[in-house]
Structures are given as C-alpha cells and as structure tokens.
Amino acid sequence: MTKTKDAVIDLMESQKGVSKKGGTMRLGAYKCKLEKGSKSYTAYGKQLISERHRHRYEFNGKYLSQFEKKGMKAVGINPDNDLVEVVEIPSHPWFVAVQYHPELKSTVDAPHPLFVRFVKAALDNKK
Amino acid sequence: MDTKYVFVTGGVTSSLGKGIISASLAKLLQKRGYRVTIQKFDPYLNVDPGTMNPYEHGECYVTDDGAETDLDLGHYERFLNVPTSQANNVTTGRVYQTVIDNEREGKYLGKTVQIIPHVTDEIQRRMKILGDSGDYDIVITELGGTVGDIESLPYVESVRQLKRKLGSDDSVVIHLTLVPYLKAAGELKTKPTQHSVQKLLEAGVQPDILVCRTEHKLSKEVRNKISLFCNVNQNAVIESIDASTIYEVPLLMEKEKLDRVVLAKLRLPANSDADLDNWKDFLFKLKHPKNEVNIGLVGKYVELPDAYKSIIEAFVHAGAVNECKVNLSLLPSENINEDNVTDRLRSLDGVLVAPGFGDRGIEGKINTIQYLRENNIPFFGICLGMQCAVIEFARNVIGLKKCT
C-alpha cells in the first residue's frame, strides 16, 4: 500500500525490513481474548480463543479511540501484544471482521462458530 | 504396536481426488478406534506453497505451527478433526534444501551426493517422522503428482525402499486410477489402469489395492479383469464412483470395504463396524436442508474456487448446522464499484469479504462493505476483508478521507 497520512492499516513492526517473500508472514496460531457481550464472544461461548494467521499488515492501534468513539469496537485483542484481531459494529445486526482465518479450523465435527452465526444472521435477514 | 504405513499414489491423470480418498480412509480407520494421521509429499521444487499463485495452486492452508501447506491438509483436518503440522507436508524443495545444507556442512563425508541414496534417504526419514513420534497407529502418506512424472520418481523409489525395510505386514500401497467410460463403445475401459500399474511395477512397486475412479458402476467382469491384469485381489479392486459431495466418500468407501481390506493387509483387527453416526447425521442435514440462504463471497481470486477452498467448506459445515442450503455467489471485487454495488449485492442475504493480497480489487471491497454497513446486511470480513472494513469505516464514518 502507498504511504499516506493516516495509515489505519499498517505494516506490522516485525515485518519492517523483511525482504524475502517465502515463509516470512505472521503465521500460525495465536491467542485472542474476546470481550464479553460481543457477537464473537456469543458465537464462541468463551473468552480465550486460538486462531491461525497469515498476514503482514495490522490494525494501527494509534487510531483505536477514534474508531470506538464512532461505533466500531475492537472486541478481540491478542493478550500478549495487544494487536487488534476482531472488530465489530455493535449497532449493526451482524458486522464482524477478523484478522485471522477462522475458515481453517472449521471441520465436520466442529463447524466454526463464526460461520454458523453468520449463516444464521443471513437467514434472519432473508428477504 | 509398530506404526503401520499406508501409501497412496495416483495414476493416469491428476485431480482424481487422492486427498479425499486418503481422508476418507483415515476417517474410517479413526472411527474404528485407530490413531491416524495423513501426510502429503508434493513433488514440486517450491519449499512450500506459500509463494505459489492461488490461481494455479488453490488456497495455501496454514497449520497451528505456522506451516504454509497444500490445500489437501485442509481436507485432512476437516475430515479427521485433528490438527496437522509442518511435518504433514513435505515438498521436493524442502527435501533438497536439507540435502544441500547437509552437504555444505560436510555431513556426507566427501561422498558424491546423489538422488539415491541421499535424496531418497531424506524422503524416507521424513516419511517416518510422524510414525516415529509414537502418536499414531497408522500413517497415511499421500504422494502428490502422477506416477510416471519425472518429479515423482524419487518418491516412488522411496516407497519401494521403505516397504522393504518395514515388515511385510506393516505397509500397504493404494493406487488411485481412472476407469473411463467410452460412450462410442458403450463400456468402461481398463487399459489406462493397466498401464499406470505397469508404470508402478517398472519402479518396483506392486500396489496392493486399486481405487478406481469411475462415472459408472464397475461390473463383476470389469473388476475381475482389473484384478487379473494388475495382479491384485478381487476384493482389493475398489470402486470410487462420482459422489454428490466429498463428504459422502467415506460412506462409499465403507460400502466398498476399503478400510477392511487395508486392515486385513496390515494384519490389524477390524472387529466392529466404524461408528459413523455423527457423520451420517451431518450428511443427512446437508442433503435435506429446510431453508436456503444467498451469501456473496467477494474476493480477488474467485475465478478459481479452490483459492477459497476452506471458506467454501466452512459454509458447507455451517449450512448443515443451520439445516439450510448456502447458495454461495463468488463475486470478483474488481468488478464492483460505487455505481453498481447496489445491483450486484441486492439479492444477497449476507456477504463475506475474503482474504487476498495486494491493492487490486480493494476499492471494490470497500464499496461492498460500505453498502453492507449502511443497509444493515450481515457482513463477515476475513484478513484483508477486515482491513478493508477498518479503512471503509475510517474514510466514511471517521472522515479520514485519505487513509489506507
């Protein structure tokens, strides 16, 4: 992405200076703590989750208060380094966005709770 | 007990579904109480699929331990519900990297480094890593590519050597082939299968079981013919007929007794039937939805659905739980703009904005999210989809017009 004044999404600190493309992203499972009462928390039914990542850019924490003031909440935070992993708009019927890849952990025996809830929300919204 | 090894090779053509057959067999063995894992050996020279184009290779699947792997590992996890790791996916690039590093470190003591034994030894070492961990009773190894490819040769040779080293009851080779139907002749043809088994035999490997992909049922005559010409038992000629969903394949393989034949070859008990009640329940819900819902998948690589394999499968799982059919529309984000966004998304009950890399199509994703946000339509953002949601909100709600 090009340099601009307000980089709300920015290259991760650990990615600066990385020039090799192979195997250098933020990869694999990391912990995430969900805020009670959020849609994600309701879906998972627990506060501490582990999900898999593959990315170089992240939400720039500097802007967090501006987002929260206007109604977009960071409801999932990595407890070790405070990275924002989940954002939601509580006033919207179902607006959930995650930095990680929930699809990688959905199985026949354990369908992923966010996909289950999203399909349910779409059903409720059916025209 | 010593770990037993199942090798799965493929002949005639690629895309026969070795991954699904391997995962189905693993599921049946798991449901009989065995601890099973599956590993994939890919013959290409990339160290991992992380840098490969999703258009060409499909999705890059990421494991808990951060390995970027082949999408077949996704099938293994979806079927078995057990996490995989870096050890479950090996490529020729990774094997060569180790061999060359060893050579530079002087570990070969001045020997000429060769495909046999140095590369094949490294392949065999990696084939046994999961088995040697003691965590598994049975390790299924899927060999990528097609028998007869130049790239596949060291792997088939490694299977030959490892089979010799393991006890005679400790390994079994399953070969997946195609039995095409010739419309003009009105019959199934076994010659491609015969030829591909000959290719394996040239490399010194006699398959124990043949799984035959076919669009029509295999008659007794066809089974007999394959058995005779390919030197396998009649009960080891397994029909794998086209299924309406990949999740039906374990049941089809159970009906063909693939798991029983494998266990008999490995001299392992197969006392009771596999307990597949949960699986059957899932399949029933999948096939008999009470409702349906229209969901859009907005992404960069939508021309090749394999690029979003795990997302598509997650919707299959989530649909079954909700007893509803998910009609997924794949929409290229590049084609969405301010003027047509309402038209494009009007008929959808919810939209997922997908992961992807690079700038291309980002504006289309942002327009999509703005429409969903303002019209109270369910939105699910993943990875880049989340980042686009943040940018959209910053631009249109907070008023940071030029943000990225």
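Just so we're clear, the structure is a prediction, and the values are computed from it rather than from any experiment. Order of the sequence lines sets the chain letters (A, B, ...), proteins ahead of strands, with each chain counted from 1.
A side-chain donor-acceptor contact under 3.5 Å links B:R78 and B:S310.
Contact annotation for B:K285: neither backbone nor side-chain heavy atoms come within less than 4.5 Å of a heavy atom of chain A. Residue A:E51 does not touch chain B at all, counting heavy-atom pairs closer than 4.5 Å. When heavy atoms are compared at a cutoff of 4.5 Å, A:I89 approaches chain B solely by way of its side chain, counted from C-beta outward. Heavy atoms closer than 4.5 Å to chain B are found in the side chain of A:F59, but not in its backbone. Interface residue B:E68: only side-chain heavy atoms are found under 4.5 Å from chain A. Contact of B:V47 with chain A is not made at all, since no heavy-atom distance falls under 4.5 Å. For chain B, no part of A:E88 is nearby; none of its heavy atoms comes within less than 4.5 Å.
Each of B:N81, B:I398, B:V293, B:D64 has some count of heavy-atom pairs under 4.5 Å with chain A, and the biggest count is that of B:D64. Chosen from A:K70, A:R52, A:E85, the residue pairing most often with chain B at heavy-atom distances under 4.5 Å is A:R52. Your options are B:C324, B:G74, B:C388, B:A67, and the one with the most heavy-atom pairs under 4.5 Å with chain A is B:C324. Between chain A and the options B:I312, B:T63, B:D65, heavy-atom pairs under 4.5 Å are most frequent for B:T63. Note: A:L104 leads A:L104, A:V87, A:V86 in heavy-atom pairs under 4.5 Å with chain B. Chain A forms more heavy-atom pairs under 4.5 Å with one residue of B:K309, B:E292, B:E313 than with any other, namely B:E292. Here B:V351 is the residue among B:N278, B:L286, B:V351, B:N46 with the most heavy-atom pairs under 4.5 Å with chain A. Contact count against chain A (heavy-atom pairs under 4.5 Å) is highest for B:I311 among B:I369, B:I311, B:I295.
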Go through the steps to decide whether B:Y247 and B:H317 satisfy the test ring-ring contact (aromatic ring centres under 6.0 Å, His included), and finish with yes or no.
CA-CA 10 Å; B:Y247 298 105; B:H317 309 152; 5.6 Å; yes
Begin with the C-alpha distance, continue with both residues' side-chain angles, and end with the deciding distance and a verdict on ring-ring contact (aromatic ring centres under 6.0 Å, His included) for A:Y30 and A:Y100.
CA-CA 9 Å; A:Y30 290 92; A:Y100 51 79; over 10 Å; no
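Aromatic ring orientation, B:F315 versus A:F115: perpendicular (interplanar angle above 60°, classes split at 30° and 60°). Between A:H55 and A:H53, the ring planes are tilted. Angles from 30° to 60° get that label. Ring geometry for B:F79 versus B:W279: interplanar angle of 30 to 60°, hence tilted.
Under the 3.5 Å distance criterion, the side-chain polar atoms of B:R94 are left unmatched by any main-chain donor or acceptor of B:N89.
Salt bridge B:K287/B:E248: present, at least one basic N to carboxylate O contact under 4.0 Å. A:K73 and A:E35 are not joined by a salt bridge, as no carboxylate oxygen comes within less than 4.0 angstrom of a charged side-chain nitrogen.
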